[in-house]
Amino acid sequence: MKKEKKIILVVDDSELNRALLADMLSEDFEILEAENGMEALQVLQEHELEISLLLLDIVMPVMDGFEVLAMMNQKGWIKTIPVIMISAEAGGTYIDRAYDLGAIDYISRPFDERTVKHRVASNYLLTVKQREMSDMLSSQIYEKEKDNSLMIEILSHIVEFRNGESGMHVLHVHAITEMLLKQLVKMTDKYPLSTKDIRLIGNASALHDIGKISVPSEILNKPGKFTPEEFEIMKRHTVEGAKMLDNIPFRQNEALIRFSYEICRWHHERYDGKGYPDGLKGDDIPISAQVVAIADVYDALTSKRCYKAAFSPDEAVRMILNGECGTFNPILIECLRANADQLKHELSVLSLGQVTDSSIQDTVQQILKNDGPDMTARSVRLLERERMKFRYLSDISREITFEYNAVPEMIKLTEWSAESLGMPEKIVNPSEDPLWCKMFDADNFRRFIEHLRATTPENPILIEKCQLEINGEKTWNKIVAKVLWGDSERPEFEGAIGKIMDVNDDTIALENLEDKANRDSRTGLLNHNAARRIINERLAEGKGKKYALAFFDVDNFKQANDQYGHLFGDEVLETVAARIKANIRTTDIGARMGGDEFIIFMEYTKRVREQIDRIFRRLTVEHRGYKIGVSMGVACTENFDGDYDALFRMADTAQYTVKRGSKCNYCFYDDSMESVLPSADQRKDER
């Protein structure tokens with residue numbers, strides 16, 4: 001069987017040098033060539049996982065070797081692709097700078113065949129060994145984390161065995177803790193927790209009840225209510241657990257010990273200061289203990305215990321939100337509300353082996369990402385990206401499709417698209433390319449890229465209309481693009497994929513006229529008539545699909561007009577409209593019904609409650625010192641076969657329920673609301 005050759009990329013502006021190196025190395029390696037740094041980056045972009053070694057000249061036109069090394073560092077390629085520099089010098093500042101940027105060796109010109117072969121072979125073998133070590137490191141980290149996790153679980157299950165609780169309690173608390181912490185760092189920067197902190201707090205949560213080892217079994221498993229004396233003994237488990245950790249002779253400064261101590265001692269403290277053992281209040285309670293406290297209560301409510309039956313997940317959330325189980329940090333309450341549906345699903349499918357192994361795999365990936373080689377993670381990411389591009393481009397086949405790559409900047413066209421446009425398949429530096437700029441005016445193109453960058457990972461779709469010159473003829477076109485974002489904690493803009501569609505001038509003018517008639521002149525949102533028509537069309541066409549309609553108005557809006565004037569009131573409406581536009585997807589409908597009343601219509605997904613919660617929170621903002629609040633009712637088309645009017649009536653009923661309460665809130669419609677619903681005139685008077 002013929003052995004597959006490994007690939008070397010040779011980058012040199014001299015064709016003779018490339019030919020000499022190819023002749024020397026082609027017996028053992030497959031050779032790819034590039035004549036400048038920009039071409040090299042294009043090849044690396046396409047063949048990152050296949051290239052075993054890079055021979056790189058320093059002095060080249062377009063982009064030199066130092067710029068290539070800098071870009072390889074930025075992209076992370078330098079970790080997995082070794083670079084040997086080509087230089088006419090055997091030392092000096094050039095070589096020193098190349099080493100500083102990550103090059104591992106150099107070959108001087110003129111080339112000596114024996115030296116070239118020896119250095120390439122030895123560095124290639126060294127890289128192979130490093131990759132083997134990386135795989136070994138991954139396995140060792142996995143086994144170490146598995147053993148650590150297992151020991152913590154064994155210890156915590158000993159406590160649970162004495163306590164007569166479910167063996168899943170520790171795993172549930174761990175899962176809930178990590179889920180709430182991840183939501184917390186998305187919602188606020190008040191608690192600066194790193195990914196590592198979240199992982200450690202999750203592990204430490206397993207020890208939250210370790211102090212129960214010191215509690216007598218007859219008290220621990222008593223089915224009835226504790227006497228005051230028994231409750232005092234039970235409360236001591238927090239102090240005893242902390243004391244056990246405090247008495248560990250070594251590694252007191254380790255973060256895991258610190259988090260475990262905080263959780264053991266203070267996970268029964270309450271935000272209002274009415275907890276135990278120290279009566280801490282508010283953020284005097286470490287955030288690690290605050291999160292485990294709410295996780296512990298949620299799982300206790302939803303689990304069967306010797307003294308109670310299990311509550312449903314929805315009932316547990318309701319009890320916590322209503323303050324029936326003590327007082328918790330309001331931000332964590334919002335985190336619980338946002339993750340209620342996900343918690344219900346995740347905890348229902350957990351199994352002992354699954355959650356442990358999944359957690360360990362996440363830990364290994366994170367450690368390798370931050371502290372070591374990242375070959376596996378990068379492979380998965382690139383493969384997923386290719387699958388996404390394939391699916392997307394398949395959907396829009398036989399239209400002009402493109403891929404925009406941000407760094408290095410280039411446009412890639414499909415073969416059919418390039419032929420249709422009279423363009424090459426790759427356009428490097430498109431904002432400066434005369435052929436591309438003739439089709440897509442340079443200023444308009446730069447503006448288009450700015451609009452791409454202004455999208456978000458949550459809302460990555462951009463639709464724009466612009467005038468392009470295609471094959472000598474100026475036409476109006478619609479560009480639909482899906483923006484590609486990196487997968488780091490702070491995603492970076494990587495580029496976009498999309499399509500260009502012809503739009504006739506008359507169609508544009510007609511669409512503009514129709515659009516103007518359908519829009520509310522004050523806010524730019526759809527007006528009520530247009531929204532009603534479009535929603536009815538969607539409901540009729542989407543039989544079997546599920547939708548949600550949110551109806552809300554601005555709390556105390558009359559007060560804003562009376563105290564600050566009608567111009568200020570208009571600003572408030574415009575601010576609300578801007579928040580709606582910024583927080584709904586391109587497929588959703590936002591409309592102003594009139595006055596201070598608005599609606600949002602969206603497709604019903606598993607995360608619809610989370611979306612509604614996010615939109616509601618982002619509508620609660622300040623405008624020039626005036627706090628804007630809204631009261632919202634939401635109706636869903638689950639098991640529904642009516643039209644817009646019936647759906648709106650349900651949302652209106654839910655909103656009225658909110659209005660009868662404390663306002664500045666939202667709720668979802670259910671049939672029980674009908675029994676307390678007054679007439680439409682009465683509701684109007686009360687509002």
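Below, each value reflects all heavy atoms present in this structure, side chains not excepted, and no hydrogens, waters or symmetry copies.
Taking a cutoff of 4.0 Å between a charged side-chain nitrogen and a carboxylate oxygen, Lys438 and Asp433 do not qualify as a salt bridge. Remark: Asp570 engages Arg522 in a salt bridge, criterion side-chain N to carboxylate O under 4.0 Å. A salt bridge links Asp613 with Arg337: at least one charged nitrogen is closer than 4.0 Å to a carboxylate oxygen. Remark: Asp443 engages Arg446 in a salt bridge, criterion side-chain N to carboxylate O under 4.0 Å. Between Lys478 and Glu464 no salt bridge is recorded (no basic side-chain N to carboxylate O distance below 4.0 Å).
In this structure, the ring of Phe598 has its center no less than 6.0 angstrom from the ring center of His528. A distance below 6.0 Å separates the ring centres of Phe445 and Phe440.
No more than 12 heavy atoms of other residues, nucleotides or ligands lie within 6.0 Å of CZ in Arg607, so this atom counts as exposed by the packing criterion. For Glu324, the CD atom counts as densely surrounded, since its 6.0 Å shell holds more than 12 non-hydrogen atoms of other residues, nucleotides or ligands. Under a cut-off of 6.0 angstrom, the local environment of CD in Glu473 is sparse, with at most 12 non-hydrogen atoms contributed by other residues, nucleotides or ligands.
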**Request:** Determine, step by step, whether Ile580 and Val576 satisfy the side chain to side chain contact (heavy atoms under 4.5 Å, CB included) criterion, reporting the C-alpha distance in whole Å, the side-chain angles of both residues, the deciding distance to 0.1 Å, and the verdict.
**Result:** CA-CA 6 Å; Ile580 292 172; Val576 171; 4.1 Å; yes

**Item:** Residues Asn477, Thr475; criterion side-chain hydrogen bond (donor to acceptor under 3.5 Å, both in side chains); working and verdict
**Value:** CA-CA 6 Å; Asn477 297 266; Thr475 59; 3.1 Å; yes

**Asked** side chain to side chain contact (heavy atoms under 4.5 Å, CB included) between Thr401 and Ile497: does it pass, once the steps are laid out?
**Response** CA-CA 7 Å; Thr401 61; Ile497 51 178; over 6 Å; no

**Item:** Residue pair Glu603, Lys546: steps toward the side chain to side chain contact (heavy atoms under 4.5 Å, CB included) verdict
**Value:** CA-CA 6 Å; Glu603 189 167 344; Lys546 299 177 182 178; over 6 Å; no

**Request:** Just do the salt bridge (charged side-chain N to carboxylate O under 4.0 Å, His left out) check on Arg453 and Glu450 with the steps written out, would you?
**Result:** CA-CA 5 Å; Arg453 290 179 178 274; Glu450 288 173 6; over 6 Å; no

**Derivation of the side chain to side chain contact (heavy atoms under 4.5 Å, CB included) call for Glu403 and Ile411** = CA-CA 6 Å; Glu403 178 185 353; Ile411 295 283; over 6 Å; no

**Request:** With ring pair (Phe, Tyr, Trp, His ring centres under 6.0 Å) as the test, would you mind laying out the steps for Tyr666 and Phe552 before giving the verdict?
**Result:** CA-CA 9 Å; Tyr666 71 92; Phe552 62 92; over 10 Å; no

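Inter-residue side-chain proximity for Leu462 and Val480 is flagged as unmet; no heavy-atom pair is nearer than 4.5 Å. The side-chain heavy atoms of Met602 and Ile612, taken from C-beta on, include a pair separated by under 4.5 Å. Within the 4.5 Å cutoff, the side chain of Phe601 has heavy atoms near those of the Leu647 side chain. Taking the side chain as every heavy atom from C-beta outward, Leu413 and Leu421 approach each other to under 4.5 Å. Put simply, the side chain of Met179 reaches to within 4.5 Å of the side chain of Leu343, judged on heavy atoms. Side-chain contact check for Leu332 versus Gln290: some heavy-atom pair is nearer than 4.5 Å. Using a 4.5 Å heavy-atom cutoff, the side chains of Asp299 and Ile176 are in contact. Asp553 places a side-chain heavy atom less than 4.5 Å from the side chain of Ser631.
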Would you give me the side-chain donor-acceptor pairs under 3.5 Å for residues 556-567, sequence neighbours excluded?
{"from": "Lys558", "atom 1": "NZ", "to": "Asp562", "atom 2": "OD2", "distance (Å)": "2.9"}

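Leu180 contributes atom CG, which lies 9.5 Å from atom CD1 of Ile333 (distance to the nearest 0.5 angstrom). Atom CZ of Arg592 and atom CD of Glu574 lie 9.0 Å apart (nearest 0.5 Å). Atoms SG and NZ, from Cys664 and Lys659 in turn, are 10.0 Å apart once rounded to the nearest 0.5 Å. Atom CZ of Arg533 and atom CG of Asn527 lie 8.0 Å apart (nearest 0.5 Å). Rounded to the nearest 0.5 Å, atoms CD1 (Ile599) and CG (Asp652) are 12.0 Å apart.
Side-chain atoms of Ser672 and Asp670 form a donor-acceptor pair, as typed in the model, at a separation below 3.5 Å. Using a 3.5 Å distance cut-off with no hydrogens or angles, the side chains of Asp197 and Thr195 do not pair a donor with an acceptor. Checking Glu494 against Asn405 by side-chain atom types alone, no donor-acceptor pair falls below 3.5 Å. Asn583 and Gln611 are not linked by any side-chain donor-acceptor pair at a separation below 3.5 angstrom, with hydrogens and angles left out of the test. No hydrogens or angles considered: a donor-acceptor pair under 3.5 Å links the side chains of Glu409 and Tyr404. In this structure, a donor-acceptor pair under 3.5 Å is present between the side chains of Asn444 and Arg447.
Between Ile584 and Ile589, the shortest heavy-atom distance links the atoms CD1-C, 4.2 Å. Between Phe551 and Ala651, the closest heavy-atom pair is CB-CB, 3.9 Å. Heavy atoms only, all atoms of each residue included: Val608 and Ala548 are closest at CG2-CB, 3.9 Å. For Val407 against Gln45, the heavy-atom pair with the smallest separation is O-OE1, 4.2 Å. Residues Ala442 and Cys437 approach most closely at CB-SG, 3.9 Å, considering heavy atoms. Minimum interatomic distance between Pro313 and Thr302 (heavy atoms only, all atoms of both residues): CA-CG2, 3.9 Å.
Taking the centre and axis of the six-membered ring of Phe668, the NZ or CZ atom of Arg609 falls inside the cone set by 45° and 6.0 Å.
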